[in-house]
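Reminder, nothing fancy here: chain letters follow the sequence lines and each chain counts from 1.
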Amino acid sequence: MSSYSDEDAFEAAAAPDARARPSLSQRAMAPPHVDYFEGLNPAQRQAVETLNGPVLMLAGAGTGKTKALTCRIAHLMATGGARPDEILAVTFTNKAAREMMNRIGGLTQGASDGMRWLGTFHAICVKLLRRHAELVGLKSNFTILDTDDQLRLLKQLIRASSIDEKRWPPRMLAGIIDGWKNKAWTPAQVPVGESSAYDDKGIDLYAAYQHRLKELNACDFGDLLLHMVTIFQTHADILATYQRWFKYILVDEYQDTNVAQYLWLRLLAQGHKNICCVGDDDQSIYGWRGAEVGNILLFEKDFPGAHVVRLEQNYRSTGHILGAAAGVIDANKDRLGKTLFTDGEDGEKVRLIGHWDGEEEARWIGEDIESMQRGTRGLDAMPLNSMAILVRASHQMRSFEDRFLTIGLPYRVIGGPRFYERMEIRDAMAYFRLAVSQDDDLAFERIVNTPKRGLGDKAVQTIQITARTNGVNLIEGARLCVSGGLIKGRGGNALRELVQGLDRWHATLHGQSQSQSNGVTRGDMADDDESVIDDGPTVEVFDGASNVNHVELAEVILDECGYTAHWQNEKTPEAPGRLENLKELVKALENFDSLQGFLEHISLIMDNAKDEEDDKVTIMTLHGAKGLEFPSVYLPGWEDGLFPSQRSMDESGLKGLEEERRLAYVGITRAEKHCTISFTSSRLVYGQWQSQMPSRFIDELPEENVEVLTPPGLYGGGFGAAGMSARANPVSEGIASTLHEKMAKADVYNSPGWRRLQSRSQQRSMSQPKESRNSVIDMKATSSFTTGERVFHQKFGYGEVMEIEGDKLLIEFDKAGEKKVVAKFIVSADKANDVPF
DNA sequence: TGGGCCGTGCTTTTT
DNA sequence: GCACGGCCCA
């Protein structure tokens, strides 16, 4: 397989492509006063026009950063600063790359077609690494392992080195290794202090893992970056080639870069220093996966004389929403500091409301959404599409789903397992991988007993040992096991059949590949470059005429191996969905010109386009919402421990808290017109009722931007808004009545009772960090009912307490009969009149 | 070899 | 309170 490791070959490979599109470059030379400059504010204009030298664009939420970035690229091409293929533009997600490509295309009437180096860090690194793979001991057709493959491999290695699996769970090891790779440390480069922290076992396993990856001709996601950094650091000539080739470098979401990405960028930009990084330190929310806010904070040190452009005019949100967001983020230290402003209206204040529990919160939000949909409070009716619920943790989604299903409110959940991560898709892909390459041992291990062929651990072990002692791949090993009679009986027969099938499919495919080789060439990196980097299915063209049908072959494989039948026979409720997914997978193949092409690209394109057409409320995590905007945003669960997450604070202290605060900032700034924050006074956590404190971030919301709502249907009216019920926190009783009138938030937080509560909870979390996750005021301690007491329940009406069992009460209801009810749903009969319904 | 039972541990997520 | 993984038994 050819690869380009020298300058001439690279220039030769890339240059003809640019020459092949003269019309594009002509168009690109259009005079600079084209319409993309219109509508840019002075800061944006500066960011677009300052082409040479390092530029740091600090772009706050909703300040038109993508606009500035895409205009800058259009401007670069228009002024002749660089040809489209000499611009390196890096994003983090395929989605961002796609959007950028589309928008540049719109600005330049298609000149973006020539932008072959616009893509994610990973996609660009794959492309580079395929050229230079041999320098790190790989072949150019290496496979990319995803998290699942990675874990299975690590598990094998842990077992093989007879290390205690309980002390070294594969997930933990994967985390450690990923962390090291994010820092661009090869096994030899991991500092002694780091490795000894893990008993030196970690470093040994890391080395063994890297060794095994090379044997498998594979690498994981982290390797894509790490290998390229290694190559750049050790081959000055190659680095120089690319430094010259990429005349301009642009980086989106710079605050999310990890050390490896940072080094990669710095190496490439070292020559001309024409690097423009766009980011917002206030939106750095991925520290836990290796992102270093420090990268953005230190930009000016790394690139002396850097132009710093601040985009501070916000075009998204109302004044009150920006004010609320500013109030929260101001509490963070070490910010580069931006002050967002808007020319727009103040709009509606951020609404703050407290509820009894998550169920109540979901009910209230559901009703509010319905009234917003109809049009309420003198507001125009809003489609469901324009509303989103953003949660801190995905388990919060359930109460909303439950509620919305009950009331028939259409919703869509973003997140969850992605299409190509589903078991059935990965199984099917393993078969395809084996058809492409019989050396893919990991794929073989995955499917050898899927569907069930009566080949268990023992049989697989026999195959592995046979393969290893003969120095062959697992398919060969299996063949030897069958012919040598090592695996007999039903399993043996099934294995023989499997091996025959794999041979047959492999032969069919490779017959095909020869006949098409004068069309789209495989393995020729020059031709590979023809495709745009963000080569999603829509970009690849299926050249039906010159190809034997790989789609049909895929169907044949799934039929013959028994996998389709396996799901047809399965009676579980999810089986039909899985069959549906398999069909979708086969359909997706149509967009690629070969099975190989599909597999090469698919590992990097794991996002699934969601049905954004239907009118549905969006439910997603705060992390998932970054970069999005909605006219109306609900932010439920603002309770200490949940948000900010206790774990975050325990593990990362102040750093963790500040990242949580940035997350709160991201959440608020997603809202255009309406933002509603809510919290509950008790929540079911791990099956236990916990009393919750309102989030400390609520404290940080400026009073003048917030309207505190009185939730309807709450006992005592205003308790909920203070985040407590009288029962749960008797100390708050004093403030409850004042809250009942207007509930000035500040009063709540200044009350002695509140202070006492807060310091008590802080003491707990300091003295017992482990238990602090459950550091709650136990309902038991505060439920003060007595047997025989007359009580009232919202659903069951009046009744009498028969028995008290911790926080549960056995109650004989007048109408509903005997029921066991959690105390918090109960109120004394004499207070029942306060309940407004 | 595969099914069932028990114990544990529990964010966020892209590539 | 649930889900997943390991272990044990048939």
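Counting only heavy atoms from C-beta on, A:A393 has its side chain closest to B:dT12 among C:dG1, B:dT15, B:dT12. Proximity note for A:T120 (side chain, C-beta onward) versus B:dT15, B:dG2, B:dT13: the nearest is B:dT15. Comparing B:dT1, C:dC2, B:dT12 by their closest approach to the side chain of A:A459 singles out B:dT1. Looking at the side chain of A:Y686, the nearest of the listed nucleotides C:dG6, B:dT11, B:dT13 is B:dT11. Which of B:dT1, B:dT15, C:dC2 sits closest to the side chain of A:H122 comes down to B:dT15. Of the candidates B:dT11, B:dT15, B:dT1, B:dT15 carries the atom nearest the A:N94 side chain, counting heavy atoms from C-beta on. Picking from B:dT13, C:dG1, B:dT11 the nucleotide with the shortest atom distance to the side chain of A:W288 gives B:dT13. Of the candidates C:dC2, B:dT15, B:dT11, B:dT15 carries the atom nearest the A:F221 side chain, counting heavy atoms from C-beta on. Set against C:dG6, B:dC10, B:dT12, the side chain of A:K155 has C:dG6 as its closest nucleotide.
The distance between atom CD1 of A:I124 and atom C1' of B:dT15, rounded to the nearest whole Å, is 13 Å. Put simply, CD on A:E659 is 13 Å from P on B:dT13, counting in whole angstrom units. Rounding to whole angstrom units, NE2 of residue A:H395 and P of B:dT12 are separated by 7 Å. Distance CG (A:D650) to P (B:dT11): 14 Å, rounded to an integer number of Å. The distance from atom CG of A:L129 to atom P of B:dT15 is 19 Å, rounded to the nearest whole Å. Rounded to whole Å, the distance from CG on A:D402 to P on C:dG1 is 14 Å. Remark: P of C:dC2 and CE of A:M397 are 18 Å apart, rounded to the nearest angstrom. Distance CD (A:E660) to P (B:dT12): 11 Å, rounded to an integer number of Å.
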Check the pair A:L657 / A:N332 against side-chain contact (heavy atoms from CB on, under 4.5 Å), numbers first and verdict last.
-> CA-CA 9 Å; A:L657 176 64; A:N332 271 5; over 6 Å; no

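Across all strands, A:S394 comes closer than 4.0 Å only to sugar-phosphate atoms, never to a base (heavy-atom distances). Contact annotation for A:G491: no contact, since no heavy-atom pair falls under 4.0 Å across all strands. Looking at heavy-atom distances under 4.0 Å, A:E253 makes no contact with the nucleic acid at all. Contacts of A:Q396 with the nucleic acid, taken as non-hydrogen atoms under 4.0 Å apart, are absent.
Base orientation of B:dT11: syn (glycosidic angle within 90° of 0).
Comparing A:E651 and A:R289 by the nucleotide of DNA chain B that holds the closest heavy atom to each, the one mapping nearer the 5' end is A:E651. Toward the 5′ end of DNA chain B lies the nearest nucleotide of A:K458, the other residue of the pair A:K458 and A:F92 mapping further downstream.
At least one donor-acceptor pair closer than 3.5 Å links the side chain of A:R130 to the backbone N or O of A:F142.
The aromatic ring centroids of A:F643 and A:F697 lie less than 6.0 Å from each other. Residues A:W264 and A:H227 place their aromatic rings such that the two centres sit no closer than 6.0 Å. Checked against a 6.0 Å centroid threshold, the rings of A:Y411 and A:F400 do not count as neighbours.
Considering only side-chain N and O atoms, A:T621 lies nowhere under 4.0 angstrom from the phosphate OP1 or OP2 of B:dT11.
One can find a donor-acceptor pair under 3.5 Å joining the base of B:dT12 and the side-chain atoms of A:R392.
Taking the ring axis of A:W168 as reference, the NZ or CZ atom of A:K155 does not stay both within 45° of it and closer than 6.0 Å to the ring centre.
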